[in-house]
Participant: 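A single structure is presented below for examination.
In what follows, every chain begins at residue 1, and chains take the letters A, B, ... in the order their sequences are listed. Values in this document were obtained by computation on a predicted structure and should not be read as measured data.
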There are 2 protein chains.
Amino acid sequence: MATIKDVAKLAGVAVSTASYALNNSTRISAATKQRVEEAARTLNYKKNGIASDLKRTKTNTIALILSDLSGPYYSELIKGVQDVTMANGYDLIACSSIGGPQSTAVKFLREKRVDGAIILAHNISDQITIESAQEDFPLIVLDRDISNKYVYHVEVDNEHGGYLATEYLIEKGLRNIAYIGGPQDSNDNKKRLKGYMEALKNHNLTAYSNLNSIGNFTREGGYKATKLLIARGELPEGIFYGNDEMAIGGLQAFRDHQIKVPEEISVIGFDDIQLSEYVSPPLTTIKQPKYEAGALAVDLIFQLIEGKQINQKYTLSTELVVRESVRK
Amino acid sequence: MATIKDVAKLAGVAVSTASYALNNSTRISAATKQRVEEAARTLNYKKNGIASDLKRTKTNTIALILSDLSGPYYSELIKGVQDVTMANGYDLIACSSIGGPQSTAVKFLREKRVDGAIILAHNISDQITIESAQEDFPLIVLDRDISNKYVYHVEVDNEHGGYLATEYLIEKGLRNIAYIGGPQDSNDNKKRLKGYMEALKNHNLTAYSNLNSIGNFTREGGYKATKLLIARGELPEGIFYGNDEMAIGGLQAFRDHQIKVPEEISVIGFDDIQLSEYVSPPLTTIKQPKYEAGALAVDLIFQLIEGKQINQKYTLSTELVVRESVRK
DNA sequence: GTGAAAGCGCTAACAG
DNA sequence: CTGTTAGCGCTTTCAC
């Protein structure tokens, strides 16, 4: 592997000159620049980015921490992150937090290999997040509340979204409404549940039964939870699933049992993932402003890098998307 | 930012001792280790991974180069990559090649920031790939043929897949079969087209018309190409779309024109993406062994890292998945 | 316009 | 078991 030293030697210049030439400094004469470039080419020289980063104590890259690179996740959100990162001339890498403390994500968080990070991974513990946060290491979390001086927070108004979903079902005349929730430790889940409870309360209704944390936010979980509900023998009139994945699993369970949606039971989800438009019946759901959330998150990172003062927390609003899975 | 020097000083030991202690070397006494860890904690010390990598001239991470982090891409393939990478104790990062030569992907490829890379991004040019390939920098490409000593190749048998798709339509009694293709420069597209031509030839049929490179592998492209076909006024009996995304766009176009699939026209795709199962009608398609391809690609990287000799090219086979979009 | 040299933070060979 | 030290490859200050 040729280094800059080799290039300098071959070109007959000092290392510093070679460095300047390769980095397009104006102080180098055209002739020298050419000689250096020529030498680099013949040696097939590749700059060692790591050495460069070390020297400059800056990587020019942002990490996006995802719980699983193979998805499913919010592609719109990533697009937002990607667009704004690029617009600022920074690099973006995505890494997964599978494997917990041994994961790539934690390594990148802990070892200052990037200039900032956005966390969208429920399986990164609050503790690790807080430990990693530093004055010069901007950290934005998207899926939880953390109170720490150096951790900033962009959230979607999950509580209001949960309220909207539930209220829509109530508006349609449904009275007996269940909530099938995600993981107990999920902040999103808690907020959505809270919105649900609030809406019921405002309409003098009571919660259907305790399925708050049974669905695990997965399609499989939604399927099983719904099966359980069906097995109990007393279906509610409507179900608010904590996310679309679970709702889609639920739809599958109803299909298995020839229970018609929305004729016999109404279903509403949360997220508005891409699939929701394509399932049968198309899923009525609560849409999150995902692109905006991603874009805002990176934008905040850059503001922090520039030393600006920003709020600790930003909240974006949700919106009802009416399709076919709720009785009209 | 505290460095290992600060930790050593506070703990009253030499830097090397601190380093050994922090890296769990057995040669350090328990007492010392504890003192060092204590010091690290109070100083909130974070190892600088970049310095460490530089010293060790090894990053312990593999890059997966994608054309766009926000997808759509093959989640199964990524899972394969992810699983095998983790199993080998390596880290995995994903980066996008959006932005061409300025992209993060190219930077990582060029600047030896990772120990190896898997390329699944049509917008990375062959030239860049070849330039980046080195004896000590394993590079696996998944979506193209490149002949270079240091570039290895895992491919799916696209040609045979194209053949299978076309033959299935022929088997069902269809004679007039169109191919709606992806980008002209896509190797996958070329191969699928070739399989299509081959099947037609073997059955003494002729190609329908020239739509080979009109669809761009996007849903939008498939939609537009299909609209064009409909506008021409003489529909074929069956269409083989170069990928599922385009086929789904096509389905949409037929729906817009109240043309029934598969009663009036048969549609077959390629890839077997997740959505294909959920569209209406569910899409008959050619399934790629995506997980295996991803897993194999990383496995090859590790073999190369270990200095083993491997083949230049590996080909995996495809399979027909029968659903509802082809007349039976 | 070019060169010498310091040093980013860490690891690991070597000496003790 | 612990310390001294060289150096990974690069950028950048300072001197010429």
Side-chain angles (χ1 to χ4, degrees), chain A residues 1-40 43-61 107-108 110-115 134 136-137, chain B residues 1-40 43-61 107-108 110-115 134 136-137:
Chain A
M1 213 43 224
T3 72
I4 199 169
K5 255 188 184 161
D6 304 317
V7 175
K9 196 185 293 172
L10 181 61
V13 298
V15 193
S16 57
T17 306
S19 173
Y20 285 131
L22 261 10
N23 291 300
N24 301 314
S25 165
T26 50
R27 37 199 297 192
I28 301 293
S29 72
T32 308
K33 187 166 154 62
Q34 196 143 7
R35 263 213 330 288
V36 173
E37 280 168 349
E38 178 69 32
L43 292 174
N44 193 17
Y45 166 74
K46 304 261 174 286
K47 114 142 81 169
N48 183 324
I50 296 178
S52 165
D53 284 352
L54 174 61
K55 180 63 195 178
R56 299 183 314 134
T57 56
K58 183 165 176 358
T59 63
N60 224 258
T61 110
K107 176 171 159 185
F108 273 72
R110 281 230 171 103
E111 302 186 356
K112 248 201 133 304
R113 287 162 185 282
V114 285
D115 293 346
Q134 304 256 323
D136 59 346
F137 188 53
Chain B
M1 213 46 223
T3 74
I4 199 169
K5 255 188 184 161
D6 304 317
V7 174
K9 196 186 292 174
L10 182 61
V13 298
V15 213
S16 57
T17 307
S19 174
Y20 286 129
L22 261 9
N23 289 302
N24 302 314
S25 165
T26 49
R27 41 201 292 193
I28 300 293
S29 71
T32 309
K33 187 167 154 62
Q34 194 143 8
R35 262 212 333 288
V36 173
E37 280 168 350
E38 177 70 31
L43 291 174
N44 193 19
Y45 166 73
K46 305 261 173 287
K47 116 142 77 167
N48 183 324
I50 295 179
S52 166
D53 284 353
L54 175 60
K55 177 65 195 176
R56 300 183 313 130
T57 57
K58 183 166 176 357
T59 63
N60 223 255
T61 109
K107 176 171 159 186
F108 272 72
R110 283 230 172 103
E111 301 185 357
K112 250 201 131 307
R113 288 164 182 281
V114 286
D115 294 346
Q134 304 255 325
D136 58 346
F137 188 53

Participant: Please enumerate all protein N or O atoms sitting under 3.5 Å from an N or O of nucleotides 3-6 of chain C, with distances to 0.1 Å.
Facilitator:
from: C:dG3; atom 1: OP2; to: A:A14; atom 2: N; distance (Å): 2.8
from: C:dG3; atom 1: OP2; to: A:T17; atom 2: OG1; distance (Å): 2.6
from: C:dG3; atom 1: N7; to: A:S16; atom 2: OG; distance (Å): 3.0
from: C:dA4; atom 1: N6; to: A:S16; atom 2: OG; distance (Å): 3.1

Participant: Could you tell me which non-hydrogen atom of B:A39 sits nearest to which non-hydrogen atom of B:V7, and how far apart they are?
Facilitator: CB-O, 3.7 Å
Participant: Please classify the nucleic acid contact of A:S19 as base, sugar-phosphate, or nothing, using heavy-atom distances under 4.0 Å.
Facilitator: base
Participant: Check salt bridge (charged side-chain N to carboxylate O under 4.0 Å, His left out) between B:K9 and all other residues, then give those that pass, not counting sequence neighbours.
Facilitator: none
Participant: Just to verify, what does B:K5 make a salt bridge (charged side-chain N to carboxylate O under 4.0 Å, His left out) with, not counting sequence neighbours?
Facilitator: none
Participant: Looking at A:Q34, I want to see if its CD is surrounded by more than 12 non-hydrogen atoms of other residues, nucleotides or ligands under 6.0 Å.
Facilitator: no
Participant: Can you name the salt bridge (charged side-chain N to carboxylate O under 4.0 Å, His left out) partners of A:K107, sequence neighbours left out?
Facilitator: B:D91
Participant: Looking at B:F108, is its backbone amide N or carbonyl O close enough to the side chain of B:R113 to form a donor-acceptor pair, meaning the two atoms are under 3.5 Å apart?
Facilitator: no
Participant: Which heavy-atom pair separates B:Y45 from B:L22 by the least distance, and what is that distance?
Facilitator: CE2-CD2, 3.8 Å
Participant: Relative to the 5' end of DNA chain D, which residue comes earlier, B:A51 or B:S29, by the nucleotide with the nearest heavy atom?
Facilitator: B:S29
Participant: Would you kindly say whether A:T59 and A:D115 are connected by a side-chain donor-acceptor distance under 3.5 Å?
Facilitator: yes
Participant: Check the distance between C:dG9's P and B:K46's NZ and give it to me in whole angstrom.
Facilitator: 15 Å
Participant: Could you tell me how far apart B:R56 (CZ) and C:dG9 (P) are, to the nearest whole angstrom?
Facilitator: 18 Å
Participant: If we count only N and O atoms by modelled type, under 3.5 Å, do the side chains of A:K46 and A:N44 hold a donor and an acceptor together?
Facilitator: yes
Participant: Could you pull out the closest heavy-atom pair between A:I4 and A:A18, with the gap in Å?
Facilitator: CG1-CB, 4.0 Å
Participant: Which two nucleotides bound the region of DNA chain D that has atoms under 4.0 Å from heavy atoms of chain A, read 5' to 3'?
Facilitator: D:dG9 to D:dC14
Participant: Just by distance, do the side chain of B:N23 and the backbone of B:Y20 share a donor-acceptor pair under 3.5 Å?
Facilitator: no
Participant: What does the inter-axis angle of the helix from C:dG1-D:dC16 to C:dG16-D:dC1 come out as, five pairs per end, nearest 10 degrees?
Facilitator: 40°
Participant: Once you round it to whole Å, what is the distance between C1' of C:dG9 and CG of B:L43?
Facilitator: 15 Å
Participant: Touch check for B:D53, heavy atoms < 4.0 angstrom, all strands: base, sugar-phosphate only, or nothing?
Facilitator: nothing
Participant: Could you give the NZ-to-P distance, from B:K47 to C:dC8, as a whole number of Å?
Facilitator: 18 Å
Participant: Taking only the side-chain nitrogens and oxygens of A:K112, find out if one of them lies under 4.0 Å from OP1 or OP2 of C:dG9.
Facilitator: no
Participant: Look at all strands and tell whether A:L54 reaches a base, only sugar-phosphate, or nothing, counting heavy atoms closer than 4.0 Å.
Facilitator: base
Participant: Could you tell me the separation between the NZ atom of B:K58 and the C1' atom of C:dC10, rounded to a whole number of Å?
Facilitator: 16 Å
